[in-house]
Amino acid sequence: MTDSSELVKRLPNDIGGLPADSIKRVDHELEPWEKRCHALADVLDFHKIINTEEKRCGVEALGTEMIGKLSYYERWIVAFANILFRKGILTPTQVALKMKEVEGRYPDVH
């Protein structure tokens with residue numbers, strides 16, 4: 001079997017049996033933005049905008065490289081944005097404008 005055929009058979013989060021570093025288990029308090037992200041997921045699900053299956057597929061669609069670089073909740077945020085763009089609920093311009101507005105609230109933070 002070729003290397004590329006193995007990639008096609010595995011989803012980005014399907015890493016069972018592959019060599020990897022040991023898992024570092026660290027309990028930590030969620031950051032405020034992570035709590036808001038989790039609450040957003042609950043709201044989107046409650047209002048039937050994005051369900052759990054769409055979120056899972058959205059994260060998997062990010063691909064192995066991006067999944068490996070983003071934190072757990074960063075993956076959620078990117079997946080939510082992509083799903084909302086695809087559904088026509090949000091546009092990238094709207095998100096960019098909101099981000100600029102929020103950044104303006106904290107001029108000393110970069």
Side-chain angles (χ1 to χ4, degrees):
M1 195 174 300
T2 66
D3 290 337
S4 59
S5 64
E6 186 63 27
L7 289 173
V8 172
K9 288 175 57 176
R10 288 181 181 263
L11 294 172
N13 61 341
D14 184 7
I15 58 173
L18 297 177
D21 294 333
S22 62
I23 297 172
K24 297 177 181 103
R25 295 176 186 230
V26 178
D27 287 331
H28 69 281
E29 184 71 25
L30 293 178
E31 296 290 325
W33 75 269
E34 293 171 315
K35 291 178 182 179
R36 288 191 296 274
C37 180
H38 204 108
L40 175 62
D42 290 342
V43 169
L44 291 169
D45 186 58
F46 179 82
H47 289 286
K48 310 227 181 298
I49 298 169
I50 297 177
N51 63 37
T52 301
E53 179 65 11
E54 288 174 308
K55 184 186 80 175
R56 182 191 61 75
C57 289
V59 169
E60 289 175 352
L62 298 176
T64 306
E65 184 178 354
M66 189 172 283
I67 286 174
K69 291 181 179 179
L70 298 176
S71 72
Y72 182 73
Y73 285 106
E74 287 172 333
R75 294 176 205 154
W76 281 27
I77 290 294
V78 175
F80 292 162
N82 287 337
I83 294 165
L84 294 172
F85 296 157
R86 190 174 63 250
K87 290 184 174 190
I89 295 170
L90 280 177
T91 67
T93 300
Q94 289 171 312
V95 173
L97 290 171
K98 181 55 80 171
M99 289 174 67
K100 189 173 185 109
E101 176 190 321
V102 171
E103 286 173 355
R105 296 178 199 162
Y106 307 96
D108 297 331
V109 179
H110 294 266

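All values below were derived from every heavy atom in this structure, side-chain atoms included, with hydrogens, water molecules and symmetry-related copies excluded.
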As an exercise, state the distance from CG of Asp45 to OG1 of Thr52, rounded to the nearest 0.5 Å. 4.5 Å

Value rounded to 0.5 Å, distance of CG in Leu44 from CG in Leu84: 6.0 Å

Straight-line distance of Ile50 CD1 to Cys57 SG, nearest 0.5 Å: 12.0 Å

Excluding sequence neighbours, so at least two apart, what forms side-chain contact (heavy atoms from CB on, under 4.5 Å) with Val102? Lys98, Arg105, Tyr106

Inspect the contact between Lys100 and Glu103 and indicate whether a charged nitrogen and a carboxylate oxygen are less than 4.0 angstrom apart. no

Could you tell me which residues satisfy side-chain hydrogen bond (donor to acceptor under 3.5 Å, both in side chains) with Lys69, sequence neighbours excluded, listed by chain and number? Glu65

Nearest heavy atoms of Gly58 and Ala79, plus distance in Å: C-CB, 3.6 Å

Tell me, please, which residues at least two apart from Val43 pass side-chain contact (heavy atoms from CB on, under 4.5 Å). His47

Quick one: which residue pairs count as a salt bridge (Lys or Arg N to Asp or Glu O under 4.0 Å) with a foot in residues 31-42, not counting sequence neighbours? Glu29-Lys35

In this structure, CD1 of Ile67 is separated from CD of Glu60 (nearest 0.5 Å) by 7.0 Å

Taking ring-ring contact (aromatic ring centres under 6.0 Å, His included) as the definition, give me every residue that meets it alongside Tyr72, ordered by chain and number, with sequence neighbours left out. Trp76

Shortest non-hydrogen pair, Pro92 vs Phe85, comes out as N-CE2, 3.5 Å

Taking atom OG1 of Thr64 and atom CG of Leu62, what is their separation to the nearest 0.5 Å? 10.0 Å

Mind checking side-chain contact (heavy atoms from CB on, under 4.5 Å) for Gln94 and listing every partner two or more places apart, or none if nothing turns up? Leu90, Thr91

Among residues two or more places apart or on two chains, list those pairs meeting salt bridge (Lys or Arg N to Asp or Glu O under 4.0 Å) that have a residue in residues 73-91. Glu54-Lys87

When clusters are formed by joining ILVMFWY residues with side-chain heavy atoms under 4.5 Å apart, either directly or through shared neighbours, do Phe46 and Ile83 land in the same one? no

